[in-house]
Number of protein chains: 2
Amino acid sequence: MVRPTMEDVALRAGVSRALVSLVMRGSPKVSELRRTAVLKAAEELGYSPHAMARSLASRTSTVLGVMVSDLHNAFFAEVVDGIDEVAREQGFDIIINTGGRSPARERRALESLLSFRPAGLVLLSPVVPATAIGKAAEQLPVVLVARSSRVSTVDTVNDDGETGARLAVDHLVSLGHKHIAHLDGGEGSQAGPRRRGYVAAMESHGLVPRVVSSEYTDAAGARAIRGLIEDDALPTAILSCNDFNAVGAISALEDAGLRVPADVSVVGYDNTSLAALRHVSLTTIDQPRAEFGRLAASALLQRVRDGRTEPVRHLLNPSLVVRTTTAPPGGPR
Amino acid sequence: MVRPTMEDVALRAGVSRALVSLVMRGSPKVSELRRTAVLKAAEELGYSPHAMARSLASRTSTVLGVMVSDLHNAFFAEVVDGIDEVAREQGFDIIINTGGRSPARERRALESLLSFRPAGLVLLSPVVPATAIGKAAEQLPVVLVARSSRVSTVDTVNDDGETGARLAVDHLVSLGHKHIAHLDGGEGSQAGPRRRGYVAAMESHGLVPRVVSSEYTDAAGARAIRGLIEDDALPTAILSCNDFNAVGAISALEDAGLRVPADVSVVGYDNTSLAALRHVSLTTIDQPRAEFGRLAASALLQRVRDGRTEPVRHLLNPSLVVRTTTAPPGGPR
DNA sequence: TCTATTGGTTGGAGCGCTCTAATGCTGTAG
DNA sequence: CTACAGCATTAGAGCGCTCCAACCAATAGA
């Protein structure tokens, strides 16, 4: 239950602690003889370096902290994949922490992450106030993903929600739809740009936008649809704020005896694995999630190693993924 | 970009470093006067303790390491919630790391986690060899979730897959089904117990078990169903190895013009959020995931703080969740 | 022969903290 | 007036490591 230290290895290999340190860090200025002796001793003792002591002594860190606001959302998993890929490539490790979508928990998660003094921090769709982010950014490089910021010291990586919404509207219009409603994401992150993009696109097509207030959940999507049906105000096409919402909308439509896409077309947003399920097969807007992660990690590493200081703002282009929930009004011909 | 140290706080508050340390750890033997002075100085400097230095000096850690084999699986998110809940309660933080279902990456993730010298380690459904786990267990308390082990030094938390499969079979039999096939999970974790439970339950009902080889994905579920249809060997009910597989099976059934549950009943396993979607509404077997996490964290903390040494084996009872994909053969009456 | 140079190796200081033992300082009893 | 608690406070060592400067052959150049 007690791990060997460098001292133990040094003793066993008959060299000094400093030499062991050099070997562990792969220094070229060690004779082959000593190197093998040290490695052998380390192996025998089951020694592996103490990352904290190392980082304390060297005043550097090879760890990137990642705060995931919601572990349940598969969106973040793919972003983390991207971060992990780049970090690993560059010899960095990542530690993850979760905030559970609550500002208080997220704050604590942030504190905890900071207490490890990582080289940098990636915050995935954080809900903490901007001031907390600004404070963190005073201490180390910070990148925000799926959340914008005016703080000039942090980098951001976002998708262009306006473009994404426009893509969806254009697709529906090209199929012949004129009555297209948007179930919006309320206060949710990125809901604003999507809503704006929808409205702008509708207007540019000379159509009347109709924004129905909703949320990022399937229950909310279903509720919104039931409301539309009650008001006898069902459009021929729906643009949901995200995939979950879209799936709820589809359920409610089917419950009401309507067929998708024959009677109503539905478009989601995010292209989660849910949308790709054969059973769901949702037309949706894809965001390059792994690319988000790669860019975030790269941005961090640029600051850490190349000492970049001017902020970077990545705005990635979403793309349309056509599956089987959209068709011309009146059904596929 | 440079964080203040205890020394800085001490200087500013006009006290010694040791006193600051006491205040930071909430020691009662500090006068109110000094305490407020120190806290004020800390606040002004934006000081927060350096977790690594602390853990190095105290030779203890308040961090639990969690290795998640696959971040994309929502199953793990809920287990982590449970771990987090207990850990937070007891003043521990958690750091997460991901292995991406590859033994090599997982090994590296393990190394990385160990290098932080956490108080204990939770491995969620790890795929690394047992020897690697045994080695880790020599250095700190280790708990395995969703993976069994014969290593006597590690604790385990699992669901009783045999019972779960039996629950599903009993449900289908009680509906009147006699031809029930199992799409199995191959080499997947926990696939064995589920398969054994299915076979035993079928036999105990005097029915002929039929195990169809499949995998834990929706594509595999669909493929298995297409195979059964081609062979003209479709049963009246299906027990899938997990929810994903079940959803794929349902798609393939519907593609073939069959109705679920009118023509074929389908039961999943895991009760993921997917199953709960109105659109899917899958009858499935629930595992108490958050409870897995809570038990895992508790087991760890017992070893860490109470010094327990005999291993603990938790085997939790799954339960049946009836939704709308099961009905008597020939359709609901 | 003496001085540089080079490559390998080492002692020691110090990273930011905790912990133990010792210190100073009251206040009360002898 | 000394003695002795009892409490708040502090100096100093040390956690496992890195890093710097010093050191020590062994070789090269003069």
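Chain letters run A, B, ... following the sequence lines, proteins first, then strands; residues in each count from 1. Basis for what follows: all heavy atoms, side chains included, without hydrogens, waters or symmetry-related copies. Fair warning: this is a prediction, and the values are worked out from it, not measured in the lab.
A side-chain donor from one of A:Arg101 and A:Ser125 sits under 3.5 Å from a side-chain acceptor of the other. At a cut-off of 3.5 Å, with distance as the only test, a side-chain donor of A:Arg313 or A:Thr156 sits close to an acceptor on the other residue.
Surrounding CD of A:Glu187 are at most 12 heavy atoms belonging to other residues, nucleotides or ligands under 6.0 Å away. Remark: B:Arg107 CZ is loosely packed, at most 12 non-hydrogen atoms of other residues, nucleotides or ligands lying under 6.0 Å away.
B:Arg25 has a side-chain polar atom (N or O) that falls below the 4.0 Å cut-off from OP1 or OP2 of C:dC19. Of the side-chain N and O atoms in B:Ser21, none sit less than 4.0 angstrom from OP1 or OP2 of C:dC17. One finds no side-chain N or O of B:Thr5 lying less than 4.0 angstrom from the OP1 or OP2 phosphate oxygen of C:dG16.
Taking atom CZ on B:Arg3 and atom C1' on C:dG16, their separation rounds to 12 Å, with Å as the unit. The distance from atom CG of B:Leu19 to atom P of C:dC17 is 15 Å, rounded to the nearest whole Å. Following rounding to the nearest Å, B:Leu11 (CG) and D:dT10 (P) show an atom-to-atom distance of 12 Å. Rounded to an integer number of Å, the gap from CE of A:Met6 to C1' of C:dG12 is 16 Å. In this entry the distance linking CG of B:Asp8 with P of C:dC15 reads 11 Å, nearest Å. In this structure, A:Arg17 atom CZ and D:dC20 atom P are separated by 15 Å, rounded to whole Å. Counting to the nearest Å, the C1' atom of D:dT9 and the NZ atom of B:Lys29 are 10 Å from each other. Rounded to a whole Å, the CZ atom of B:Phe116 is 17 Å from the P atom of D:dG16.
For the segment residues 33-58 of chain A, the set of residues with a heavy atom within less than 4.0 Å of an atom of DNA chain C comprises A:Arg34, A:Leu56, A:Ala57, in numerical order.
For the pair B:Arg59 and B:Ala18, nearest-nucleotide mapping onto DNA chain D gives the more 5' position to B:Ala18.
A salt bridge is absent between A:Asp270 and A:Arg289: the closest approach of a Lys/Arg side-chain nitrogen to an acidic carboxylate oxygen does not fall below 4.0 angstrom. Salt bridge annotation for A:Glu138-A:Lys135: absent, with no cationic side-chain nitrogen under 4.0 angstrom from a carboxylate oxygen.
Between B:Ser48 and A:Glu111 there is a side-chain heavy-atom pair separated by less than 4.5 Å.
With the end axes of the helix from C:dT1-D:dA30 to C:dG30-D:dC1 each set by five pairs, the angle from one to the other reads 70° at 10° resolution.
A donor-acceptor pair under 3.5 Å is absent between the side-chain atoms of B:Arg305 and the main chain of B:Arg303, judged by distance alone. With A:Gln302 contributing its side chain and A:Arg308 its backbone, the two residues share no donor-acceptor pair below 3.5 Å.
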